[in-house]
Amino acid sequence: LHQGKREAQESVQQQKIYSGDIERRAEEGLQYKRNYDTVYAQSQLLQERVNSLEKDLLESQQGMASEAVLLEAAYHKDEVARITVQLIAVQAETETQKSVLMDKLNETRSLLELELEKNRNL
């Protein structure tokens, strides 16, 4: 009887130890789950921030590319305007030279016609 009582007490003590161990492990598991949830939430926030930064960077690069294209277009526009002015000046000079040559040609023709007329009259 005494032996049975002692075994029962040992069994109760083992049960308490086992229950305490289970409770401790359950608490550790809950703590691990809370830590995991916190870290997961932080990683989600960080991922969203990375995505946002990548988007901002892409938009910024596109903006710089657009700005560079606009600057290059403005340069080419200025270059076209400069060349156009030069072309107009060259065309005006060509027209002037053409007029001078036509005048000389007409003068030479008139002189030749006069000379031809003189030779016919001789």
Side-chain angles (χ1 to χ4, degrees):
L1 187 65
H2 187 56
Q3 178 79 17
K5 191 176 179 182
R6 199 169 117 209
E7 286 177 4
Q9 285 178 341
E10 286 178 9
S11 177
V12 167
Q13 282 181 336
Q14 285 178 348
Q15 193 67 24
K16 283 181 185 180
I17 292 172
Y18 181 71
S19 292
D21 193 39
I22 289 175
E23 287 176 21
R24 184 182 53 78
R25 288 180 188 230
E27 185 59 38
E28 287 174 357
L30 290 173
Q31 184 63 38
Y32 175 81
K33 175 77 167 94
R34 283 190 291 268
N35 289 344
Y36 174 83
D37 290 344
T38 300
V39 169
Y40 182 78
Q42 289 173 340
S43 73
Q44 289 297 103
L45 290 173
L46 288 173
Q47 184 62 50
E48 288 174 14
R49 181 69 178 137
V50 166
N51 292 343
S52 174
L53 289 171
E54 286 175 343
K55 180 183 172 197
D56 291 348
L57 177 62
L58 182 61
E59 289 172 357
S60 174
Q61 288 172 338
Q62 289 172 343
M64 286 188 295
S66 296
E67 187 175 317
V69 167
L70 289 175
L71 287 173
E72 189 172 340
Y75 168 78
H76 288 300
K77 184 178 177 182
D78 290 346
E79 203 51 23
V80 166
R82 186 183 65 77
I83 291 170
T84 301
V85 168
Q86 288 177 342
L87 180 59
I88 290 170
V90 167
Q91 287 173 336
E93 180 64 28
T94 302
E95 285 298 316
T96 301
Q97 289 177 0
K98 180 180 170 186
S99 293
V100 168
L101 285 173
M102 289 303 287
D103 289 344
K104 285 184 180 184
L105 179 63
N106 287 333
E107 185 181 328
T108 303
R109 180 182 301 149
S110 294
L111 289 172
L112 285 172
E113 286 175 354
L114 283 174
E115 196 63 35
L116 184 61
E117 200 60 37
K118 272 186 193 178
N119 286 336
R120 282 187 194 164
N121 289 337
L122 289 174

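- Cluster partners of Tyr40 are Tyr36, counting Ile, Leu, Val, Met, Phe, Trp and Tyr whose side-chain heavy atoms approach within less than 4.5 Å, directly or via other members.
- Looking at heavy atoms from C-beta onward, Tyr18 lies in side-chain contact with Ile22 at the 4.5 angstrom threshold.
- The shortest distance between side-chain heavy atoms of Leu53 and Leu57 does not fall below 4.5 Å.
- Listed by first and then second residue, the side-chain hydrogen bond (donor to acceptor under 3.5 Å, both in side chains) pairs that reach into residues 104-122 come to none, sequence neighbours excluded.
- Between Arg82 and Glu79 there is a salt bridge, with a side-chain nitrogen of the basic residue lying less than 4.0 Å from a carboxylate oxygen of the acidic one.
- Interatomic distance, Ile83 CD1 to His76 NE2, rounded to the nearest 0.5 Å: 10.5 Å.
- In this structure, a donor-acceptor pair under 3.5 Å is present between the side chains of Glu93 and Gln97.
- Remark: Val69 pairs with no residue by the side chain to side chain contact (heavy atoms under 4.5 Å, CB included) rule, at least two apart or across chains.
- By the neighbour-count criterion of 12 heavy atoms within 6.0 Å, atom CZ of Arg34 is densely surrounded, having more than that number from other residues, nucleotides or ligands.
- From Lys33, atom NZ reaches atom OG1 of Thr38 across 9.5 Å, with rounding to the nearest 0.5 Å.
- Every pair passing side-chain hydrogen bond (donor to acceptor under 3.5 Å, both in side chains) that includes a residue from residues 51-69 is listed here, sequence neighbours excluded: Gln47-Asn51.
- Between the OG1 atom in Thr96 and the CG atom in Leu101 there is a gap of 11.0 Å [rounded to 0.5 Å].
- Not counting sequence neighbours, Asp78 has no partner by the side chain to side chain contact (heavy atoms under 4.5 Å, CB included) test.
- Taking CD from Glu28 and CG from Asp21, the interatomic distance works out to 8.5 Å, rounded to the nearest 0.5 Å.
- Between atom CD of residue Glu95 and atom CE of residue Met102 there is a gap of 11.0 Å, rounded to the nearest 0.5 Å.
- Counting only N and O atoms by type, the side chains of Gln9 and Arg6 include no donor and acceptor under 3.5 Å apart.
- In this view, Arg49 satisfies the salt bridge (charged side-chain N to carboxylate O under 4.0 Å, His left out) rule with no residue, not counting sequence neighbours.
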